[in-house]
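Atoms within a ligand are numbered from 1 in the order they appear, just like the ligands themselves. It should be emphasised that the depicted structure is a prediction, and the values quoted were computed from it without experimental measurement. Numbers here simply count residues along the sequence, with the first being 1.
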Amino acid sequence: MKQFKRIGVLTSGGDAPGMNAAVRGVVRSAIAKGIEVLGIYHGYSGLIRGDIRPLSVRDVSNVINKGGTFLYSDRCPEFKTPEGQKQALANCEKFGIDGIVAIGGDGTFQGASVLSRLGVPTIGIPGTIDNDITSTDYSIGFDTAMNTVIDLVDKLRDTGESHARCNVVEVMGRGAGDIALQTAIASGATAAVIAEFHTDVDALLKKMENSRALGKRNFLVFVSEAMGSEFGPMLNKRINDEAKIDSRFVRVGHIVRGGNPSLADRVRASRMGVFAVDKLLEGKSDLVVCERLGNLVATDIRYALVLDRFYKGIATEEEMQSFTKEQLDSMRAHAKERADRMKELHDMAELISL
Ligand code: ADP
Ligand code: F6P
């Protein structure tokens with residue numbers, strides 16, 4: 001088995017509250033096990049440029065409670081090219097990096113897989129507010145982002161009630177309505193319009209008109225970013241024009257990507273960081289750390305990426321063919337379980353929003 005002397009850690013893609021806690025978990029647990037840790041700054045860009053510095057136990061003091069990522073993040077198209085990858089590999093050799101923990105979303109995992117194939121064992125940790133990594137029940141940052149949304153929307157409700165208004169609230173989630181659905185439930189919203197399910201807008205307007213006639217003053221309607229940037233303003237206009245309810249459109253945007261991580265994200269990130277180091281030291285590579293029913297498991301990155309595509313209905317026959325029957329069965333079961341959970345929440349939200 002490979003002897004580990006020194007590992008690197010990086011954060012990449014969209015930042016997420018809790019990434020610092022994960023880096024701290026990696027650094028502290030590796031050092032406790034006699035392994036040196038190098039911080040790779042600015043994601044894969046830093047690996048290419050050699051922006052790499054040692055991290056001591058004290059370098060990760062006072063970060064567990066901070067949002068953002070002190071290692072900084074980047075989107076690095078150059079790392080998708082053979083030249084960029086060659087340069088990154090040369091720096092792994094130069095700095096004596098025996099393995100890497102890469103914290104980010106699905107793009108970051110594709111990069112991690114490239115490194116693993118090039119001979120640098122790499123383990124991914126899911127860090128994205130969107131919770132759009134199908135193989136894990138939760139990604140780091142999701143819980144904090146949702147808590148930030150409900151804090152903000154509670155304030156909107158106050159003013160909405162005073163003025164008998166509706167607020168149409170668009171929340172982030174590039175390819176997933178998880179944030180919109182769960183924050184809509186937690187905010188007591190009238191509806192969550194997400195790309196995963198069809199919403200009959202005419203019926204929604206009618207329902208709002210009826211509720212208004214029965215005395216309801218404020219309304220909250222959540223829209224997922226995945227509906228497209230035109231959808232929220234269009235729905236807001238129809239609420240004003242057709243349901244005759246005074247309505248304002250609010251795009252919450254990047255505000256929910258910052259802020260102090262919640263307790264759940266700090267604990268989740270710490271556990272995942274420690275688990276990732278354990279996997280590297282066990283000689284594992286090309287895996288992503290996933291949380292399933294409260295337990296941490298390590299999933300093959302390619303399986304996780306194709307599972308995502310299968311869940312979204314965009315996996316090709318060709319990519320599915322490279323998996324065994326057992327793997328395909330498990331993929332189907334997993335995707336169904338997730339879709340069922342989403343549907344149950346969506347139906348429940350509809351039932352109790354009047
Ligand atoms: P996220 O990790 O949040 O999904 P991105 O999709 O922007 O964010 O990916 C983060 C980075 O991962 C990219 O900027 C790039 O450096 C790297 N990456 C993404 N896709 C690939 C790929 N196919 N091959 C190699 N590296 C990739
Ligand atoms: O993936 C996280 C996320 O915040 C998405 O919700 C959003 O669509 C996207 O990143 C925004 O990316 P950027 O930071 O490049 O504007």
Closest to atom 9 (O) of ligand 1 among protein heavy atoms sits Gly107 CA, 3.4 Å
Side-chain donor-acceptor pair under 3.5 Å between Arg292 and Thr299, yes or no?
no
salt_bridge(Arg53, Asp59) N-O dist < 4.0 Å:
no
Within the side chain of Thr316, is there an N or O that forms a donor-acceptor pair under 3.5 Å with the backbone of Glu319?
yes
Identity and separation of the nearest protein heavy atom to atom 10 (C) of ligand 1
Ser12 OG, 3.4 Å
For atom 20 (N) of ligand 1, the closest protein heavy atom turns out to be Lys80 CE, 3.4 Å
Heavy atoms from other residues, nucleotides or ligands near NZ of Lys336 exceed 12 (cutoff 6.0 Å):
no
Closest protein heavy atom (residue, atom, distance) for atom 23 (N) of ligand 1:
Gln110 OE1, 2.9 Å
Using a 3.5 Å cut-off on N or O atoms only, is Gly105 in polar contact with ligand 1?
yes
Would you mind telling me which of Arg338, Arg341, Arg268 makes a salt bridge (charged side-chain N to carboxylate O under 4.0 Å, His left out) with Asp137?
Arg341
Between the protein and ligand 2, which nitrogen or oxygen pairs come in under 3.5 Å, and how far apart is each?
unit_1	atom_1	unit_2	atom_2	d
ligand 2	1 (O)	Asp130	OD2	3.0
ligand 2	4 (O)	Arg257	NH1	2.8
ligand 2	6 (O)	Asp130	OD1	2.7
ligand 2	6 (O)	Asp130	OD2	3.3
ligand 2	6 (O)	Gly173	N	3.3
ligand 2	6 (O)	Glu225	OE1	3.4
ligand 2	8 (O)	Glu225	OE1	3.0
ligand 2	8 (O)	Glu225	OE2	2.7
ligand 2	10 (O)	Arg257	NH1	3.1
ligand 2	12 (O)	Arg75	NH2	3.2
ligand 2	14 (O)	His254	NE2	3.2
ligand 2	14 (O)	Arg257	NH1	2.9
ligand 2	14 (O)	Arg257	NH2	3.0
ligand 2	15 (O)	Arg75	NH2	3.2
ligand 2	16 (O)	His254	NE2	2.9

Atom 2 (O) of ligand 1 sits nearest the protein heavy atom Thr108 OG1, 2.5 Å
Got the closest protein heavy atom to atom 8 (O) of ligand 1, with its distance?
Arg75 NH1, 3.2 Å
A side-chain contact here means heavy atoms from C-beta on lying under 4.5 Å apart; do Ile133 and Phe109 qualify?
yes
When you check the side-chain N and O atoms of Ser247 and Asn236, is any donor under 3.5 Å from an acceptor?
yes
Does the ring of Phe219 carry Arg212 above it, NZ/CZ under 6.0 angstrom from centre and within 45° of its axis?
no
So which protein heavy atom does atom 16 (O) of ligand 1 come closest to, and at what separation?
Cys76 O, 2.7 Å
Would Asp106 count as a contact residue for ligand 1, given that I'm defining contact as a non-hydrogen atom of the residue lying under 4.0 Å from a ligand atom?
yes
With sequence neighbours excluded, give me every ring-ring contact (aromatic ring centres under 6.0 Å, His included) pair touching residues 51-74.
His42-Tyr72
Against heavy atoms of Tyr44, which atoms of ligand 1 measure under 4.0 Å?
12 (O), 16 (O), 17 (C)
Check whether the side chains of Asn147 and Ser262 place a donor and an acceptor atom closer than 3.5 Å, and report yes or no.
no
